[in-house]
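The structure under discussion appears below in the form of structure tokens.
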Amino acid sequence: MPLQFYNTATRKIEVFKPAESGRVKMYHCGPTVYRRPHVGNYRAFLFADLLRRVLERRGLRVTQVMNLTDVGHFTQEDEDHGEDRMEMEARNRGLDPWQVAREITNMFEGDMKRLRAKPPEHRPRASDHIAEMLEIIELLLKRGAAYRSGPENANIYYEVSRFENYGGLSGNRVDALEAGARIDINPEKKHPADFALWKSDSKHIMKWKSRFGEHGFPGWHIECSAMARKYLGDTLDIHTGGEDLIFPHHECEIAQSEAATGKPFVNYWMHVKFLQVDGGKMSKSLGNVYSVDDVVARGFEPRHLRFLLQRAHYRTPLNFTWDSMRDAKGAIERLDAFVVDLKTLRPAAAAAVAVDEMLQKTRAAFDAALDDDMNAAEATAAVFGLLNNVRTAGGASLKLTKEQIELILAFLGEFDAIFDVLTPEELAPEERAEIDRLVAERQTARQNRDFARSDEIRTKLAARRVVVEDTKEGVRWRRV
RNA sequence: GGCGGCAUAGCCAAGUGGCCUAAGGCGACUGAUUGCAAAUCAGUUAUUCCUCGGUUCAAAUCCGAGUGCCGCCUCCA
């Protein structure tokens, strides 16, 4: 089966063909760094990572860009009510917006690392690309797709009526939007659906000089058009983001980029459905906007969260609950146990199980699932199927030859090249030493048949989230 | 008001006309194993896919109505 993706623009599943054979250029809308990203954000960011790894498995060379929005925006035109989020957050905390951006960027990068996302080739900041944005704005003015307005003509708007495909991505019609009557009347605009490319406001903290005035700052959408163009060129293979970005953000990006370059902007649009919490939306008032730290504080490793977020199909709403976190953790623990068993197993002399055949079938199912619009649920099911087959085929205990063990581990390595969940978190050396000491002490007690003492130590270890297992091959322990 | 998505076991979640008397995971229960556990193995855990009506030889899958949840139309992954 060829690699296929659902394309938001056509609302169909299409065979994926990069413009340049063997190479893929993709852009992902990253976070606005005014507050710490939450688990819902990471569903979208981890989707980008999964996509990258699936493309790489297909032998494609990927150039990935994920931006950081560190310039605040408000599209609400009424200055009394509209406020820039970055500046609002900064004022509330008594910081300047640049400090907030730096702090949140660090948190974001730390979270992404803990979640094992491969670093994209480029992670550009909007504030570093003002010149590139102005360049596109100039092009749009020259082509008559944008106009100057407002005091001293310092504000610049994109004229939506000049772009006939506006609405093509989202299915929205400009006249239907008007009927919504939720767009404030702004006398500066020729049409209510026109959107800002550049605004001027002397009160703004994050602002730049340009030929349009001293106190300018960019509109929300222009940064992505500018950064995508700089790092990937005029036409991208894939552009992704959360489902909320389809309109207006991505619609506006298309309008700007295509009007400026005269070329198609994106060949495949992919959008991730929102993560729900407890069957509903997450919100500050419900107290269910969880961060990676919240998840870790509840005794989970980041890889458990990674698995939870990645194994569900990206186009269906996923329900995050603490039960579902426990579920993901349990699943990973079973995989962990399988890997440990394989690595410590004494190999059998002769093959008792048809491992080759199992692996062949599993690999075929795994690839077919991934190729089919990244059906991660089916792909992981195939891996668990292999685990069950291998474990049950040999009866009560595993009977595998050395070669078979290596083949299975190699396949699990392939699985892990995509999902990256099999390596447990490393323990601090002191902690590891302390655990080893307790485990050894317990062993001595057991050898003396002092089970009271042995169980007492086991309880102590459990308090450190350590489970000991007495096996035929000896004692082993693991963190849970 | 306009546009779009989803609804499958206690929970999470695939499947979108016949191979479904419905994957996979978690959890629970029974047994084997164990000093006891853990892990593992054996077995049990949806005659049914939100509700009602329809199309079809055949529907979880298609159509219609309803209910619930989610997203967009304003910043949001």
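Protein chains get the first letters and strands the later ones, always in sequence-line order, with residue 1 at the start of each. All values derive from a computational prediction rather than experimental measurement.
Partner of A:Asp420 under the salt bridge (charged side-chain N to carboxylate O under 4.0 Å, His left out) criterion, chosen from A:Arg52, A:Arg303, A:Arg53: A:Arg53.
Considering only side-chain N and O atoms, A:Lys281 lies under 4.0 angstrom from the phosphate OP1 or OP2 of B:rG71. Neither OP1 nor OP2 of B:rC36 sits under 4.0 Å from any side-chain N or O of A:Ser454. Contact annotation: A:Asn375 side-chain N/O to B:rG15 OP1/OP2 distance is under 4.0 Å. For B:rA77, one of the phosphate oxygens OP1 or OP2 lies less than 4.0 angstrom from a side-chain nitrogen or oxygen of A:Thr32.
Among the heavy atoms of the strands lying under 4.0 Å from A:His313 are primed sugar atoms or P, OP1, OP2 only; no base atom is included. Within the 4.0 angstrom heavy-atom criterion, base atoms lie near A:Leu275. Counting non-hydrogen atoms under 4.0 angstrom, A:Phe384 reaches the backbone sugars and phosphates but no base. Note on A:Asp455: a base of the nucleic acid sits closer than 4.0 angstrom, heavy atoms only. Using a 4.0 Å heavy-atom criterion, one finds that A:Arg334 contacts the sugar-phosphate atoms exclusively. Looking at heavy-atom distances under 4.0 Å, A:Gly280 makes contact with sugar-phosphate atoms alone, never a base. Within the nucleic acid shown, A:Phe451 comes within 4.0 Å of at least one base atom, counting heavy atoms only. At the heavy-atom level, A:Pro248 lies under 4.0 Å from the strands shown only through sugar-phosphate atoms.
The A:Phe247 side chain lies nearest to B:rC73 when the options are B:rC73, B:rG24, B:rA77. Distance from the side chain of A:Leu245 is smallest for B:rA77 among the nucleotides B:rA77, B:rU40, B:rA38. Here the side chain of A:Pro317 is nearest to one of B:rA39, B:rC6, B:rC72, namely B:rC6. Distances were taken from every side-chain heavy atom of A:Arg311 (C-beta onward) to each of B:rG4, B:rG24, B:rA14; the shortest belongs to B:rG24. For A:Leu308, taking side-chain heavy atoms from C-beta onward, the closest of the listed nucleotides B:rC12, B:rG35, B:rA77 is B:rC12. Listed nucleotides B:rC70, B:rA37, B:rG24 differ in distance to A:Arg458; the shortest reach to its side chain belongs to B:rA37. Set against B:rG4, B:rA77, B:rA14, the side chain of A:Glu378 has B:rA14 as its closest nucleotide. With B:rC41, B:rG4, B:rC6 as the candidates, the nucleotide lying closest to the side chain of A:Arg391 is B:rC41. With distances taken from any side-chain atom of A:Phe274 to the nucleotides B:rA39, B:rC70, B:rG5, the minimum falls on B:rC70. Comparing atom distances between the A:Ala331 side chain and each of B:rC26, B:rG35, B:rA39 picks out B:rC26 as nearest.
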When you look at A:Asn165 and A:Ile254, which way does the side chain to side chain contact (heavy atoms under 4.5 Å, CB included) test go after all the steps?
-> CA-CA 9 Å; A:Asn165 286 331; A:Ile254 294 170; 5.9 Å; no

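Residue A:Met270 contributes atom CE, which lies 18 Å from atom C1' of B:rG4 at whole-angstrom precision. With rounding to whole Å, A:Leu115 atom CG is found 14 Å from B:rA77 atom C1'. The interatomic distance linking A:Arg173 (CZ) with B:rG1 (P) rounds to 21 Å, in whole Å. Atom CG of A:Asn172 and atom P of B:rG1 are 17 Å apart (whole Å). The CG atom of A:Leu169 sits 14 Å away from the P atom of B:rG4 (whole-angstrom rounding).
A:Tyr42 does not qualify as a stacking partner of the B:rA77 base, lacking a centre-to-centre distance under 5.5 Å together with planes within 30°.
No side-chain N or O of A:Ser161 forms a donor-acceptor pair with one of A:His191 less than 3.5 Å apart. Using a 3.5 Å distance cut-off with no hydrogens or angles, the side chains of A:Gln256 and A:Ser225 do pair a donor with an acceptor.
Both tests hold for A:Lys329 against A:Phe300: distance to the six-membered ring centre under 6.0 Å, angle to the ring axis within 45°.
When the nearest nucleotides of RNA chain B are assigned to A:Ala382 and A:Gly40 by heavy-atom distance, the more 5′-ward of the two goes with A:Ala382.
One donor-acceptor pair, N or O on each side, does fall under 3.5 Å between the base of B:rC36 and the side chain of A:Asp470.
A:Phe47 and A:His271 have their aromatic ring centers separated by at least 6.0 angstrom.
Judged by Watson-Crick or G-U wobble contacts below 3.5 Å, the nucleotide B:rU48 has no partner.
The backbone N or O of A:Met26 sits nowhere less than 3.5 Å from a side-chain atom of A:Gln64 that would complete a donor-acceptor pair.
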